[in-house]
Amino acid sequence: MSRTAGAFKNGKAFIAFITCGDPDIETTKEAIREAVKNGADLIEIGIPFSDPTAEGLVIQEANIRALSGGMTTDKAFALVRELRQETETPFVFMTYANVVYSYGTNGFLSNCAEAGLDGLIIPDLPYEEKEEFLPCCEEYGLDLISLIAPTSSDRIAMIAREAMGFLYLVSSLGVTGTRSEINTDIEAIVREIRRNTDIPCAVGFGISTPEMAAKMASVSDGVIVGSAIMKIIAAYGKNSPAKVGEFVKSMKDAI
Amino acid sequence: MSKGRFGIHGGQYIPETLMNAVIELENAYNRFKDDPLFTGELTELLNEYAGRPSRLYYAEKMTKDLGGAKIYLKREDLNHTGSHKINNVLGQALLAKKMGKTRLIAETGAGQHGVATATAAALLGMECVVFMGEEDTKRQALNVYRMKLLGSDVVPVKTGTGTLKDAVSEAMREWTSRISDTHYCLGSVMGPHPFPTIVRDFQAVISKEIKEQVLAAEGRLPDVVAACVGGGSNAIGSFYHFIQDASVRLIGCEAAGRGVDTFETAATIATGREGIFHGMKSYFCQDKYGQIAPVYSISAGLDYPGIGPEHAYLHDIGRAEYVPVTDQEAVDAFEYLSRTEGIIPAIESAHAVAHIMKIAKELGKNKTAVITLSGRGDKDCAQIARYNGEDIHE
C-alpha cells in the first residue's frame, strides 16, 4: 500500500489543502504542522500557478499572494524535504500541468520523490492525457491521483480501474470554493467507483463546515478541504496556523 | 497519444468535469460537419447574412508605392460584424443549436469575437454571456456597448492581467459550472481538442476563397499569404488550403508589443517555449517555473500568451514563418493603409500589413502577396489617437 492510500487506514480521512507560500513559506510550514498535529491524514500542498483555471476566487487569490511573495517550485521542494524529516503524514502536490511540464517532467518528479513527496494531483490532466506524466510517476514511485466529476458518468469505471493512491471525487460542477450545499448524488458515484476498485475515495470541492464534512464522509472514505482553510489563512495571515489547527480538529472530530 | 494532436502539440488538458462536454462536442461535430442539411444552412448564413464570399482586392496604390510584389487584400473586414470571427461563430452557434444548447458563452479580447457571438446569439435566439478582461473593456468600450445592444451580458474579468487570457480562463470556469445548456463558443484555434480543429475548419473558407480568387485573377497561386496571429484563427483560415502547396510562403505576424527584447511583448513563437495551458500543449510566454507571462500588445486581439497548436506544429516543421511586428510598426501600417487605400484596418490586421510593407520590395515585382485583413479598424481609432497623443473620446 502506498503512503497516500495509508492515509485512509484509521477511519475516515481528513485531507487539508494549503497553497504553498501564502502569505509566506514559514506560515505554510507552521500551518501544515498544525494541521498534522490536529489530525489531518494527508496534506495536499498547492504549488501556485499564475492562471489556475479550476480554482474559485479564494484559491486564485491565494495563488497570486504566494507568487507575489516570491514562491517558486524549488521552494516547494525544500519545504517538503524539511517537513518530511518531522512526519510520516503523506504529502501530495496539487498543481497545474504546466508547472510540472515547464520545470522538466523528469526533473520535477525525481525532485518530488527525493524530497519525500507521495503523489500528485493535476486538475488539468484528465484520463486521456495522463500518459504525459504517468510513466515518470511510476518510475519514481509517486501516485498520480485521478479525479472523478459529477459529469463523469460513463467514464467512472475506466478512471477507477486505473486509479492510484486514492480517488478525488469532485463534489459539484464548477470551480473550487465553499458552497452552501452539495446536490450531487455522491452515494451513486461512490457505488459505481466501488464496483470497479478497492482504492479509497475522498470527496472535495465546496466542503466548509463540520456538518458538510460529516455528511460527505458518511458516504465516502474521506473529505478534502481547501478554500475554507485558505480563507482562514487570508484572514489571519502569519497568525493563521493555530486557527488552521483548530479548524482541522473540528473537521476531523466531525467525521 | 491523445486526440487532436498537431505533431506533439494540442491534446485535451482540461478538468475531468469538462471531458464529457468536449467529447459530446466532438461527436456532434463529426455527425454534422458533412451533413448536407447543416452545411447548406451554414453556407446560406455565411453568404446571405455575413456577406461571403469576401472580396479579394488588388491594392494597386500600395503595390505601386512599395514598388515590389503585387499586393492583394483579403477583405474579411467587410464581413458582417466587421471581422473574420463571424465565420467561426455562425458555425459553432448552429452546431450548438443542433446539440440542443440554448446558451452561448465566449471570451473576447478586442471584442470582435464577443460581438460576433452576441450577433449569432441574437440571430438564432440564444442567450449569450461574454467574458472580457477589464482592461480590454476600457480599451474597447464601443464593442462592449455593441454586445449589450445585441442582447448579451458582458462580464468584465478582473483577475490576472485583466486581458484575453483571463477572459479565456473565466469562460472555462463558467463552462465547468454550467454545461448542460451551455456551449463555449471559443473564438480561436486554441483550447482543448476539438476546438482547434473545429475553428480551423470554419475559418478555412478564407483560404478556399483566396485560392479561387487569386487563380481567377492571376492564373496561378500566390507567392505569399500573410496574416496576423494571436491565437491564430484568421491566420490558420488563410493558410489552410495552401499548406500542401509548398511554393506558397505562409507568414504569421505576431504582436511584438514594445519589442521582443522587452517584457512588454506578446510574440509567442519569438519569445515563448513549450508548455501546457488552456487545454493544449503549444508554445507559451512563461517564466522559468512555467508561470504564464503577463503579455502586452497595443492590440487587444493579439494580447495572448499562447498560440494555437497547429501553428506551433507548422512552425516546428518549418512550413510557416512567424515574425514579430511591434506596436509602432503596426500603428504606422494602420495609418499607411488608411491614407493609401482608404481602408482602415483593425490594429490586429495592421500587424500583417506592416510585415508585407517591410518585405514587398525584396519579394520583387513578379511576386504576388495576399494580406488577410481580418477586421476593420473603426474600433481602434480612439486608441490609436491616444497612442499618438491625441485625447479623443468615443
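FYI, side chains are in, hydrogens and waters are out, and symmetry mates aren't considered; it's all heavy atoms of this structure. So that the names make sense, note that chain A is the first sequence line, chain B the second, and so on, each numbered from 1.
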Roughly how far, to the nearest 0.5 Å, is [atom2] of [Y] from [atom1] of [X]?
X: A:Thr53; Y: B:Trp175; atom1: OG1; atom2: CH2; answer: 13.0 Å
X: A:Tyr96; Y: B:Gln291; atom1: OH; atom2: CD; answer: 12.0 Å
X: A:Asp124; Y: B:Gln12; atom1: CG; atom2: CD; answer: 13.0 Å

Taking side chain as everything from C-beta outward and backbone as N, CA, C, O, which of these in [X] sits under 4.5 Å from a heavy atom of chain B? Side chain, backbone, both or neither.
X: A:Gln60; result: side chain
X: A:Ile148; result: backbone
X: A:Phe49; result: both
X: A:Ile122; result: neither
X: A:Pro52; result: both

Counting only heavy atoms from other residues, nucleotides and ligands, does the tally under 6.0 Å from [atom1] of [X] exceed 12?
X: A:Asp198; atom1: CG; result: no
X: A:Glu187; atom1: CD; result: no
X: B:Tyr313; atom1: OH; result: no

Non-hydrogen side-chain atoms of [X] and [Y] separated by less than 4.5 Å:
X: B:Ile23; Y: A:Arg155; value: yes
X: A:Ser102; Y: B:Glu274; value: no
X: A:Val170; Y: B:Glu16; value: no
X: A:Ser153; Y: B:Asn20; value: yes
X: B:Leu18; Y: A:Thr151; value: no
X: A:Leu173; Y: B:Thr176; value: no

Notebook entry, point to check: Taking every heavy-atom pair that is under 4.5 Å apart, which of B:Lys165, B:Arg178, B:Met172 has the most such pairs with chain A?
Noted result: B:Lys165
Next item on the list: Between chain A and each of B:Lys288, B:Glu174, B:Gln286, count heavy-atom pairs under 4.5 Å; write down the option with the most.
Entry: B:Gln286
Note to self: Please determine whether side chain to side chain donor-acceptor pair (under 3.5 Å) holds for the pair B:Tyr13 and A:Asn98, giving the CA-CA distance in whole Å, both sets of side-chain angles, and the decisive distance to 0.1 Å.
What the structure shows: CA-CA 10 Å; B:Tyr13 299 87; A:Asn98 202 46; over 6 Å; no
Notebook entry, point to check: Does A:Gly174 offer a backbone N or O that forms a donor-acceptor pair with the side chain of B:Arg173 under 3.5 Å?
Noted result: no
Checklist line | Side chain, backbone, both or neither of B:Asp287 within contact of chain A (heavy atoms, under 4.5 Å) | finding: backbone
Notebook entry, point to check: Where does B:Tyr289 contact chain A at under 4.5 Å (heavy atoms): side chain, backbone, both or neither?
Noted result: both
Note to self: Regarding A:Glu129 and B:Arg5, does a basic nitrogen lie under 4.0 Å from an acidic carboxylate oxygen?
What the structure shows: yes
Check: Charged N to carboxylate O under 4.0 angstrom, B:Lys281 versus A:Glu132?
Finding: yes
Next item on the list: Check step by step if side-chain contact (heavy atoms from CB on, under 4.5 Å) holds for B:Lys3 and A:Glu128.
Entry: CA-CA 8 Å; B:Lys3 285 182 178 171; A:Glu128 279 75 358; over 6 Å; no
Checklist line | Best-contacting candidate, A:Val100, A:Ile159, A:Leu125, A:Thr72, against chain B by heavy atom pairs under 4.5 angstrom | finding: A:Thr72
Checklist line | Derivation and outcome, side-chain contact (heavy atoms from CB on, under 4.5 Å), residues B:Ile292 and A:Asp51 | finding: CA-CA 7 Å; B:Ile292 302 302; A:Asp51 301 82; 3.2 Å; yes
